[in-house]
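We name chains A, B, ... by the order of the sequence lines, and we start the count at 1 in each one.
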Amino acid sequence: MKHSHVSALAAMSAASLLSACVTINIYFPAAAAEKAADKIIDEVWQLQKKAEPAAPPASKETK
Amino acid sequence: MRSAFAFLLLAFSALVMAQGNLEVNTPAISQVKSAMTSRHAQLAPHYASGALGLARDATVQVRDANAIPLAQRGAVQSAVAAENSDRATLYREIAKANGNPAWEADIRATFAQRWIDKAQPGWWVQNAQGAWVKK
Amino acid sequence: MQPRAGGTVLTIGLLRVADRQFSDLRLKCREFKWNDGDLRCAGGTLKVGTPGVLPAGRAGDAAAVDFHYAAKRKLLELTLRDVPLASLVGAVPELAAWQPRGTVSGSLRLVGSHAEFDLVASGLAFANAEGSRAAEGVALRLTGSASEASGAWAWQVSVDWQGGEAFIQPWYLKGTGQTLVASGTVDVDELRIDKARFELPGIGTLDGRLRLDRRNGQLAALEVASDRWNAGPAFEQWVQPLLGETPRVRPLGTARFAFALDAAGPRSLDLDLDLSALDVGEGRLALADLRATVPWRSEGAGEARITSSGGHAGDLPLGAFAVPLAMEGWRFGFDRVELPVLDGRLLFENFAARREDGQWHWQLAGALYPLSMPLLTERLGLPRMEGLLSATIPRIQYEGGVLTLDGALVVSVFDGYLSAAGLKVIDPFGRAPRLVADIDARHLDLAMLTNTYSFGSITGYIDAEVRGLEMLGWQPQAFAARIETSPGDFGKRISQRAVQNISSLGGAGAGAAIQRSFLRFFETFGYDRIGLSCRLVGGVCEMGGLAETDGGYLMVKGGGLPALNVMGYNRRVGWDELVSRLRAIAAGNSRPVIE
């Protein structure tokens with residue numbers, strides 16, 4: 001129990017080291033930036049998570 | 001053995017997380033964000049009236065000052081100036097918080113697109129050619 | 001002139017008033033009399049400009065006028081009844097961009113080279129394209145006269161603004177009976193206002209003179225002088241809008257000012273401020289009996305004097321102070337100003353400021369004479385701390401938007417001292433000031449520090465260092481901080497409660513272990529060293545201690561009997577969370593966090 005707790009912590013710190021390496025990145029992480037922007041904009045504009053938009057009405061094919 | 005597996009799993013998930021998220025929770029970012037949130041109530045009616053628009057350079061612009069009642073016009077203009085200064089700080093600080101100050105322009109461009117995409121119907125936004133269009 | 005059914009049409013090819021020309025005026029009269037050069041028209045309509053060419057017929061709108069022209073006496077009389085202002089656009093094309101609305105009534109009279117007018121505008125509205133100047137629903141009366149002599153017109157005018165509102169960026173004004181009476185001359189080269197008086201109800205009066213070079217459009221000279229203005233509404237209406245989104249400033253009292261400028265820039269400013277109270281940001285700063293006398297000249301020396309009987313900054317009471325400010329052109333300075341704060345004094349010395357190329361540079365030295373910590377903490381709503389607080393500030397300078405501290409700011413506190421070196425504040429007066437500094441603290445008495453917070457007690461001394469401290473908008477952004485027991489021989493005991501609180505910072509169960517073990521029978525424990533570090537990066541504090549241990553870090557190394565080691569296991573603690581844990585500890589209701 002105690003042992004696994006310790007190793008999980010060690011893993012976390014190792015992982016944080018890894019992640020520190022990963023963020024030093026030449027390429028701009030466009031998808032992550034977009035997600036971050038969305039989160040901030042939702043907060044600033046107080047946009048609630050809207051329910052999924054209703055499915056578009058089934059279109060009638062007219063021939 | 002089990003702990004080695006847990007390590008790998010954790011390390012992997014941390015890797016995925018690192019690619020999936022930008023750091024946006026520094027105190028400076030929070031402060032700017034809360035100033036912008038409380039300012040939004042003042043600006044929102046003027047997005048709706050078309051007085052203000054969301055520009056393609058990720059700023060707010062006064063596109064028709066005459067649509068703002070005279071008594072509020074000065075205050076709204078100050079608020080727009082303050083908003084743009086806060087936005088500039090926000091983009092700079094996000095780039096810095098992620099250890100890449102050079103990303104500022106990319107972050108600004110991302111925000112420009114997302115502000116415009118998330119604008120409500122009826123608000124005015126600037127298209128790629130710089131013309132104002134109503135959403 | 002063509003007689004027509006239902007009236008007569010009179011066409012004037014060119015009318016010249018002062019140096020303005022009006023072309024193609026058509027006057028259509030219901031009743032028309034012409035007798036030996038004496039021409040009368042009643043119930044007429046006047047059209048200016050060429051109908052069909054001007055936009056949408058608005059400019060060519062008809063106007064209800066009476067017209068009387070007596071050739072022999074060189075007399076021209078014009079009476080207007082509710083003439084739409086839009087119809088004037090034809091006469092004065094420059095007005096088109098202002099989209100004028102509303103009506104004007106009144107009379108114009110020209111005799112030889114003397115003109116008189118008395119006009120009343122109502123529902124007047126205009127706006128320029130940028131929206132930086134606009135008015136709505138304005139009611140005003142404009143009267144005046146002008147006489148020409150050898151190419152120059154001498155004029156006088158009075159305006160009485162009875163109602164409506166106007167925005168002249170950044171000012172918003174409501175018509176509440178403001179009046180302007182002005183007189184002067186105008187010729188091809190120059191516009192002179194020899195005398196102008198504004199009466200601003202609720203504020204005061206302003207007298208002014210002006211000379212404008214019409215050839216280059218430049219202001220050649222301007223002088224204005226106020227009487228004793230009511231400072232509150234004057235500031236609210238005229239100064240606050242210039243400051244943008246900043247804390248509200250509310251002065252209570254009177255202000256009198258006079259200033260002069262010429263083509264080269266400001267020449268003089270005299271200011272007399274007599275305020276019974278000044279409030280900044282709803283109580284953030286308040287001063288009572290603030291008086292200032294400022295006699296500034298662009299060339300020449302003078303001394304300004306600013307005094308106050310005190311007030312408060314935040315929760316700190318300030319005592320009476322006086323600032324004798326020596327001025328010589330764009331150089332300012334004082335030798336010494338003392339500001340009583342609580343039971344101590346803040347001393348400012350050797351202040352020198354100058355303005356060069358539109359930029360301010362200034363420097364200042366100072367000191368804080370001992371202030372009692374019990375009083376200070378009580379005022380700030382903090383738990384009581386013992387001791388005295390004092391500081392020396394060797395030299396602060398401001399240049400190019402950066403406030404720099406030369407040398408170290410030394411603060412004596414908790415029996416030790418704290419020194420800040422390399423202190424810089426970038427853009428200190430901007431919206432997001434950025435501060436950088438390195439801070440060292442030596443020999444802080446832990447007993448004094450911990451007794452104040454309900455942290456539990458620790459005896460001994462600690463050193464601390466904070467490297468690369470960076471704050472933005474007064475929020476810490478980044479630093480590498482270390483706290484460690486000072487070298488030396490002194491008693492080192494730590495109470496059970498303090499152990500619990502320290503471990504709650506490290507987020508592990510040492511406290512819980514105590515609860516369960518025999519150690520709970522002891523109130524205090526001996527220790528050898530305490531050490532804790534935090535590297536703040538991106539809102540997360542990376543914690544560490546005296547040494548790395550199996551899976552954690554050592555925060556308290558035991559020593560003596562009974563000995564107890566305290567370990568931390570949380571490597572990364574969110575800064576906001578750490579601050580709230582510290583707050584909880586200070587408030588005395590912390591529970592060790594067991595994760």
Could you tell me the separation between the [atom1] atom of [X] and the [atom2] atom of [Y], rounded to the nearest 0.5 Å?
{"X": "A/E34", "Y": "B/Q113", "atom1": "CD", "atom2": "CD", "answer": "8.0 Å"}
{"X": "B/R114", "Y": "A/I41", "atom1": "CZ", "atom2": "CD1", "answer": "7.0 Å"}
{"X": "A/F28", "Y": "B/L22", "atom1": "CZ", "atom2": "CG", "answer": "6.5 Å"}
{"X": "B/K33", "Y": "A/K39", "atom1": "NZ", "atom2": "NZ", "answer": "5.0 Å"}

Practice task
Give me the ring orientation class for A/W45 and B/W115: parallel if the planes are under 30° apart, tilted from 30 to 60°, perpendicular past 60°.
Solution key: tilted

Minimum heavy-atom distance [X]-[Y], with the two atoms named:
{"X": "A/A36", "Y": "B/V24", "value": "CB-CG1, 3.7 Å"}
{"X": "B/H40", "Y": "A/V44", "value": "CB-O, 3.6 Å"}
{"X": "B/F111", "Y": "A/A37", "value": "CZ-CA, 3.5 Å"}

Problem - A/D38 vs B/D117, side chain to side chain contact (heavy atoms under 4.5 Å, CB included): CA-CA, chis, key distance, verdict - result: CA-CA 10 Å; A/D38 283 0; B/D117 290 349; over 6 Å; no

Handout entry: chain A contact via B/L43 - which portion, at a heavy-atom distance below 4.5 Å
Key = neither

Practice task
Sort B/N25 into side chain, backbone, both or neither according to what part of it lies under 4.5 angstrom from a heavy atom of chain A.
Solution key: side chain

